[in-house]
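One structure is given here, and the rest of the page talks about it.
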Amino acid sequence: IVAGIGIGPNFQAPLIALQTMVRPRDIATATSTFGFTRNLATSISVVIGGVVFQNEMARRAASLRSSLGDAAAAQLSGSSAGANVGVVDALPPAARAAARTAFAASLRSMWILYVAFAGVGLAVSFLIGRQVLESEHHETKTGLANEREMQAERAAEKAEKEERRRRKRSLDSRASHSALRPGTSGTDRSERTARTQRTDRTVFDDEAPPVPALPTKEEV
């Protein structure tokens, strides 16, 4: 029951969340990738947990030999521990208690590891963004003809993205060249404009014709 409550919600909930984040044409690819990743992660997790359990049992091999003897301890130490669990029931009560204590201590280390993994997963889950589900149904076409159309759409989208990147790089390059060119800053432009205005005023004053004097009363 505990395993079902913990594992059950992790089968469909992440898959539904994944399918809402991709386009309808990519749902099949996303679903298969999700299944592959989950199976691969499960295999890796089983291997890691088994290695931790076997190492813990190997550390307790000396105490098992003193309590069970060499033959029984060899069956319950290292890589043979998980396959010979049934041997524990055939042991005498005192030896059975010692074997169960070794198993419990080894399993405790393995569960601590899995609890740490679960804590990391819980912390990462808070970074998941909110996605609003659509209320409209979109029909998805299948077939080779539709696949060719989707390939053409992907090619057009890729070309559009490349064009936007090229334009952005071109604008950034122009901006960097303008920043590096002398006299293009705001202060330099203001100083250059002021110098031009002063020069224009000087030229106008030098080239302007003299203003004739007004006649006096005697001359009138």
Next item on the list: Would you check if Leu107 and Met110 make a side-chain contact, meaning some heavy-atom pair closer than 4.5 Å?
Entry: yes
Check: Is a side-chain donor or acceptor of Ser125 paired with a backbone partner of Leu122 at a separation under 3.5 angstrom?
Finding: yes
Next item on the list: Please answer: with hydrophobic residues joined when any side-chain heavy atoms are less than 4.5 Å apart, are Leu113 and Val51 in the same cluster?
Entry: no
Note to self: Are the side chains of Asp172 and Lys168 in contact, using a 4.5 Å heavy-atom criterion?
What the structure shows: yes
Item checked: Donor-acceptor contact below 3.5 Å, side chain Thr31 vs main chain Ile27 -> yes
Notebook entry, point to check: For the residue pair Thr101 and Ala97, what are the closest heavy atoms and their distance?
Noted result: OG1-O, 2.8 Å
Check: Taking everything shown except Arg167 itself, do over 12 heavy atoms lie less than 6.0 Å from its CZ?
Finding: no
Next item on the list: Write down the atom of Gly49, the atom of Tyr114, and the distance for their closest heavy-atom approach.
Entry: CA-OH, 3.2 Å
Next item on the list: Go through the steps to decide whether Lys158 and Glu162 satisfy the test salt bridge (charged side-chain N to carboxylate O under 4.0 Å, His left out), and finish with yes or no.
Entry: CA-CA 6 Å; Lys158 184 177 180 180; Glu162 291 294 334; over 6 Å; no
Check: Charged N to carboxylate O under 4.0 angstrom, Asp26 versus Arg154?
Finding: yes
Next item on the list: Answer yes or no: is there a donor N or O on one side and an acceptor on the other, between the side chain of Ser106 and the main chain of Ala102, under 3.5 Å?
Entry: yes
Notebook entry, point to check: Do Phe117 and Leu40 share a hydrophobic cluster, counting only Ile, Leu, Val, Met, Phe, Trp and Tyr and linking them when any side-chain heavy atoms are less than 4.5 Å apart?
Noted result: yes
Margin query: Restricting to non-hydrogen atoms, name the atom on Leu18 and the atom on Ala30 that form the minimum distance, rounded to 0.1 Å.
Written below: CD2-O, 3.5 Å
Next item on the list: May I ask whether Trp111 and Ile44 are part of the same hydrophobic cluster, defined by side-chain heavy atoms of I, L, V, M, F, W, Y residues being less than 4.5 angstrom apart, directly or through others?
Entry: yes
Notebook entry, point to check: Minimum heavy-atom separation for Thr29 to Thr33, with atom names?
Noted result: O-OG1, 2.7 Å
Next item on the list: Enter the distance from Glu153:CD to Arg148:CZ here, rounded to the nearest 0.5 Å.
Entry: 14.5 Å
Note to self: Please check this pair: side chain of Arg60 against backbone of Glu56, looking for a donor-acceptor N/O pair closer than 3.5 Å.
What the structure shows: yes
Check: At what distance, to the nearest 0.5 angstrom, does OG of Ser43 lie from CD1 of Ile48?
Finding: 11.0 Å
Check: Would one find more than 12 heavy atoms of other residues, nucleotides or ligands at under 6.0 Å from atom CZ of Arg38?
Finding: yes
Check: CD/Gln151 to CD/Glu149 distance, rounded to the nearest 0.5 angstrom?
Finding: 11.0 Å
Check: Does the Asn39 side chain pair with the main chain of Gly35, one donor and one acceptor, at a distance under 3.5 Å?
Finding: yes
Note to self: Measuring from atom CD of Gln19 to atom CZ of Phe34, what distance do you get when rounded to the nearest 0.5 angstrom?
What the structure shows: 9.5 Å
